[in-house]
Peer 1: 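Here it is: the structure, laid out below.
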Amino acid sequence: MDFNLTEEHIMIRDAARDFAKNELLPGVIERDEKQEFPKEQIKKMGELGFLGMMVSPEYGGGGMDTVSYVLAMEEISKIDASASVVMSVNNSLVCWGLEKFANEEQKQKYLTKLATGESIGAFCLSEPEAGSDATSQKTTAIEKEDHYVLNGTKNWITNGSTADIYIVIAQTHPELKHKGINAFIVEKGSKGFEIGPKEQKLGIRGSDTHSLNFNDVKVPKENRIGEDGFGFKFAMKTLSGGRIGIAAQALGIAAGAYELAKEYAKVRKAFGTEIMNHQAIAFKIADMYTSIEASRHLVMKAACDKDNGENYDLSGAMAKLFASKTAMDVTVEAVQVHGGNGYVKEYHVERLMRDAKITQIYEGTSEIQKIVISRSVFRD
Ligand code: CAA
């Protein structure tokens, strides 16, 4: 595999790195503490093109490849995983799904605003009883004359209150099971659409996670994405790409914690020398670096597969599985390298450790990735 980055890739990576250091780092601890959404920063990310990176310029996007996207995701996630999840959902789950499967009218009306960050999107699949078991959708979308009527509850929705446009997955024909599911574009402010209380989270606390209630919400028929019954495939295909973005997020969290631990080990002294001179610490740094590099290879492989038109269900699931475990392991070790300082907020690693956990849960738990991987292995 050739991962030689082009000049453009390097430029995008460096722009994301500068943005993260200059705009996201100041205030990141306070936002985490107060569970405050990075509103101004997300607005700037939209202006800089980070929210619609892969959308074609025709619809207001950056027309970039997936490699560019994962490079930017890694850099933003090193500093602020709350900002990067907003970026990830908007790019991978909302913009990508719309560009690939929506009709021209829907793209002109919604995608053009989402690609520039003028609107923010949310992806609403999970339910109280349908997180991993995504075929068991209880939210219903019943067809009436020129519209559908939506009823049900969605849980743990990223951008729950800040989004303007919601892609909602719902069951239209229960007797057809997953083949009866549809995906709809729902606008904020629709009558009967209520945003529930904000979740109090362990990590990615700056991001805005809510449950959503749909009580007889009328959705025009023209807001259904694709053919009747296409909703489950839409969700699965969209999530396959989303997993590459979350793998890049996990990689960034791990790399951010590693960089802090490495710098700390160079200056912190114990037993008469910098702690990097003790094998107990040096070996930790070696393990961290190795697993991060292995994760980077998997993330880049999945991104390249997507850019090259190859199937990326398997490579994306492997990247997410491995990088999210790496994020968890590396951040725990980064706290350990920092000793007592690692346990306090100003050193950042405790936040990265809390943020890491979600990468093993959302857009398919690690167990779901293993289902995808093992099925693929036995099928081939
Ligand atoms: N691409 C296209 N089609 C796919 C597909 C894919 N990647 N994966 C499955 N399908 C299709 C299958 O081909 C099958 O279609 P047919 O009946 O026509 O053959 C259909 O979907 C059903 O597939 P399965 O029988 O494999 O379904 P399953 O019930 O066994 O479940 C699963 C498969 C992989 C476990 C799936 O349910 C899954 O991915 N679950 C996890 C869902 C998830 O990621 N939830 C996270 C919520 S979103 C989120 O976290 C966003 C956020 O806020 C950050």
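Ligands are counted one by one from 1 in listed order, and the atoms in each one are counted from 1 as well. Here the structure is a predicted model, which is why all the values come from computation and not from measurement.
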Peer 1: From the options Lys320, Lys179, Glu367, Arg243, select the one whose nearest heavy atom is closest to atom 39 (O) of ligand 1.
Peer 2: Arg243
Peer 1: I need the Tyr289 OH to Glu259 CD distance, nearest 0.5 Å.
Peer 2: 10.5 Å
Peer 1: Below 30° counts as parallel, above 60° as perpendicular, anything between as tilted: where do the rings of Tyr264 and His338 land?
Peer 2: parallel
Peer 1: Would you mind finding which of Ser92, Ser132, Ala134, Ser88 brings a heavy atom closest to atom 40 (N) of ligand 1?
Peer 2: Ser132
Peer 1: Check whether any side-chain heavy atom of Gln249 lies under 4.5 Å from a side-chain heavy atom of Glu74, and answer yes or no.
Peer 2: no
Peer 1: Determine, counting only non-hydrogen atoms of the protein, whether one lies under 4.0 angstrom from atom 36 (C) of ligand 1.
Peer 2: yes
Peer 1: Considering non-hydrogen atoms of the protein only, which is the closest contact for atom 1 (N) of ligand 1, and what is the distance?
Peer 2: Lys237 CG, 3.6 Å
Peer 1: Looking only at protein heavy atoms, which one is nearest to atom 50 (O) of ligand 1, and how far off is it?
Peer 2: Glu363 N, 2.9 Å
Peer 1: Please report the interatomic distance NZ(Lys325) to OG1(Thr359), rounded to the nearest 0.5 Å.
Peer 2: 11.5 Å
Peer 1: Once you restrict to heavy atoms under 4.0 Å, what part of Leu93 touches ligand 1? Side chain, backbone, both or neither.
Peer 2: side chain
Peer 1: Considering only the protein, which heavy-atom contact is closest to atom 34 (C) of ligand 1, and what is its distance?
Peer 2: Val372 CG2, 3.9 Å
Peer 1: Nearest protein heavy-atom contact for atom 13 (O) of ligand 1: which residue, which atom, what distance?
Peer 2: Lys233 CE, 4.0 Å
Peer 1: Who gets closest to atom 21 (O) of ligand 1 by heavy atom: Tyr312, Trp156, Phe232?
Peer 2: Phe232
Peer 1: Which option wins on minimum heavy-atom distance to atom 42 (C) of ligand 1: Gly316, Ser240, Ala122, Gly131?
Peer 2: Gly131
Peer 1: Who's the nearest protein heavy-atom neighbour of atom 47 (C) of ligand 1, and how far?
Peer 2: Ser126 OG, 3.2 Å
Peer 1: Given Met236, His178, Arg375, which one has a non-hydrogen atom that is nearest to atom 24 (P) of ligand 1?
Peer 2: Arg375
Peer 1: Backbone or side chain, does any N or O of Gly364 fall under 3.5 Å from an N or O of ligand 1?
Peer 2: yes
Peer 1: What protein heavy atom sits nearest atom 29 (O) of ligand 1, and how far away is it?
Peer 2: Thr135 CG2, 3.4 Å
Peer 1: Is Lys44 atom NZ crowded by more than 12 heavy atoms from other residues, nucleotides or ligands, each under 6.0 Å away?
Peer 2: no
Peer 1: Are any non-hydrogen side-chain atoms of Tyr110 and Asn223 less than 4.5 angstrom apart?
Peer 2: yes
Peer 1: Assess whether a salt bridge exists between Glu47 and Lys43, defined as any Lys/Arg side-chain N lying under 4.0 Å from an Asp/Glu carboxylate O.
Peer 2: yes
Peer 1: Please report the closest heavy-atom contact between Asp313 and Val372, naming both atoms and the distance.
Peer 2: O-CG1, 3.9 Å
Peer 1: For atom 52 (C) of ligand 1, state which one of Leu239, Ile361, Thr158 supplies the nearest heavy atom.
Peer 2: Thr158
Peer 1: Quick check on atom 15 (O) of ligand 1 - does any protein heavy atom sit closer than 4.0 Å to it?
Peer 2: yes
Peer 1: Would you give the length of the straight line joining atom OG of Ser376 to atom CE of Met318, rounded to the nearest 0.5 angstrom?
Peer 2: 8.0 Å
Peer 1: Counting only heavy atoms not in Gln35, do more than 12 fall under 6.0 Å of its CD?
Peer 2: yes
Peer 1: Just to be sure I read this right, does ligand 1 sit under 4.0 Å from the backbone of Asp313, its side chain, both, or neither, counting only heavy atoms?
Peer 2: side chain
